[in-house]
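A short write-up of the structure that comes next.
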Amino acid sequence: MKTIEIKNTIYVSSFDELDNLDKELLIEARKACDLSHSPYSHFKVGCAIRMQNEKVVFGANQENAAYPVCLCAEGVALSNASMQYPTIPIQTMAITVKTPSKSANSPIAPCGVCRQSISEYENRFQAPIRIILQGETGEVYILSSIKEILPLSFGAADLKEI
Ligand code: THU
């Protein structure tokens with residue numbers, strides 16, 4: 001049977017090895033965790049986005065007693081980016097978490113919905129978005145594009161013109 005091989009590259013770093021801009025963005029994402037409204041999961045996700053004009057915007061997860069209404073940190077941050085800088089592509093996103101038990105010692109990866117939203121943003125501006133992921137401690141993962149963790153993605157190009 002014919003197969004298609006999908007190759008993904010994730011760079012693994014430590015916080016100390018990051019350059020200063022990436023360190024700052026991850027620190028901003030950690031601060032954004034404090035803006036999380038997460039009384040149900042107590043899982044505070046923070047996201048900081050550096051736009052290509054060097055401005056930084058934030059997002060944190062916003063939960064709801066009606067659970068499906070919850071907004072992920074990445075989606076909130078992307079909405080902020082789009083509203084504040086509608087013509088500017090995104091350079092880098094940093095995503096991290098704070099938990100009550102401080103037990104997240106490996107990177108937390110965006111959920112499927114967030115991967116699709118980030119992919120749309122990349123396609124919209126024809127510009128890959130670097131993504132930096134870290135738990136509360138431990139290794140840092142660096143992706144050069146969301147496509148590294150969303151291969152065979154669906155996008156505008158798949159829709160037939162009407
Ligand atoms: N969450 C995010 O903010 N981003 C993700 O990519 C995964 C999950 C939030 C949603 C919810 O408030 C909490 O984490 C637990 O699922």
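Order of appearance sets the numbers: ligands from 1, and atoms from 1 within every ligand.
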Query raised in the report: Which of these, Ser36, Ala60, Cys33, Cys111, has its nearest heavy atom closest to atom 7 (C) of ligand 1?
Result: Cys111
**Report entry** N/O donor-acceptor pair under 3.5 Å between Ser117 side chain and Val113 backbone
**Finding:** yes
Query raised in the report: Between the side chains of Asn61 and Ser36, is a donor N or O closer than 3.5 angstrom to an acceptor N or O?
Result: yes
Query - Backbone or side-chain N or O of Cys70 under 3.5 Å from ligand 1 N or O - result: no
Requested in this report: Return the residue, atom name and 0.1 Å-rounded distance of the protein heavy atom closest to atom 3 (O) of ligand 1.
Outcome: Ala73 N, 2.9 Å
Query raised in the report: Going by distance only, is there an N or O of Ser41 that falls short of 3.5 Å from an N or O of ligand 1?
Result: no
Requested in this report: Evaluate the criterion side-chain contact (heavy atoms from CB on, under 4.5 Å) for residue pair Met93 and Ile118; output intermediate values, then yes/no.
Outcome: CA-CA 10 Å; Met93 296 178 79; Ile118 298 167; 3.8 Å; yes
Query raised in the report: What atoms of ligand 1 come within less than 4.0 Å of a heavy atom belonging to Glu63?
Result: 11 (C), 12 (O), 13 (C)
**Report entry** Closest protein heavy atom (residue, atom, distance) for atom 16 (O) of ligand 1
**Finding:** Phe43 CD2, 4.8 Å
Query raised in the report: What is the closest protein heavy atom to atom 4 (N) of ligand 1, and at what distance does it sit?
Result: Glu74 OE1, 2.8 Å
Requested in this report: Mark yes when over 12 heavy atoms from residues, nucleotides or ligands other than Ile6 sit less than 6.0 Å from its CD1; otherwise mark no.
Outcome: yes
Query - Met51: which of Val56, Thr92, Ile90 passes side chain to side chain contact (heavy atoms under 4.5 Å, CB included) - result: Ile90
Report task. Name the closest protein heavy atom to atom 9 (C) of ligand 1, giving the residue it belongs to and the distance to 0.1 Å. Result -> Asn61 ND2, 3.6 Å
**Report entry** Distance-only side-chain donor-acceptor flag, Ser13 / Glu139, under 3.5 Å
**Finding:** no
Query raised in the report: So is Pro110 close enough to ligand 1, meaning a heavy atom under 4.0 angstrom away?
Result: yes
Report task. Closest by any non-hydrogen atom to atom 2 (C) of ligand 1: pick that one out of Ala109, Ser38, Cys72. Result -> Cys72
Query raised in the report: Under 4.0 Å from ligand 1, counting heavy atoms only, is it the side chain of Gln62, its backbone, both or neither?
Result: neither
Query raised in the report: Are Tyr11 and Tyr141 close enough that their ring centres sit under 6.0 Å apart?
Result: no
Report summary line: Value for CD (Glu24) from CG (Leu18), rounded to nearest 0.5 Å, stands at 11.5 Å
Report task. Might you check, step by step, whether the distance between atom 14 (O) of ligand 1 and some protein heavy atom is under 4.0 Å? Result -> yes
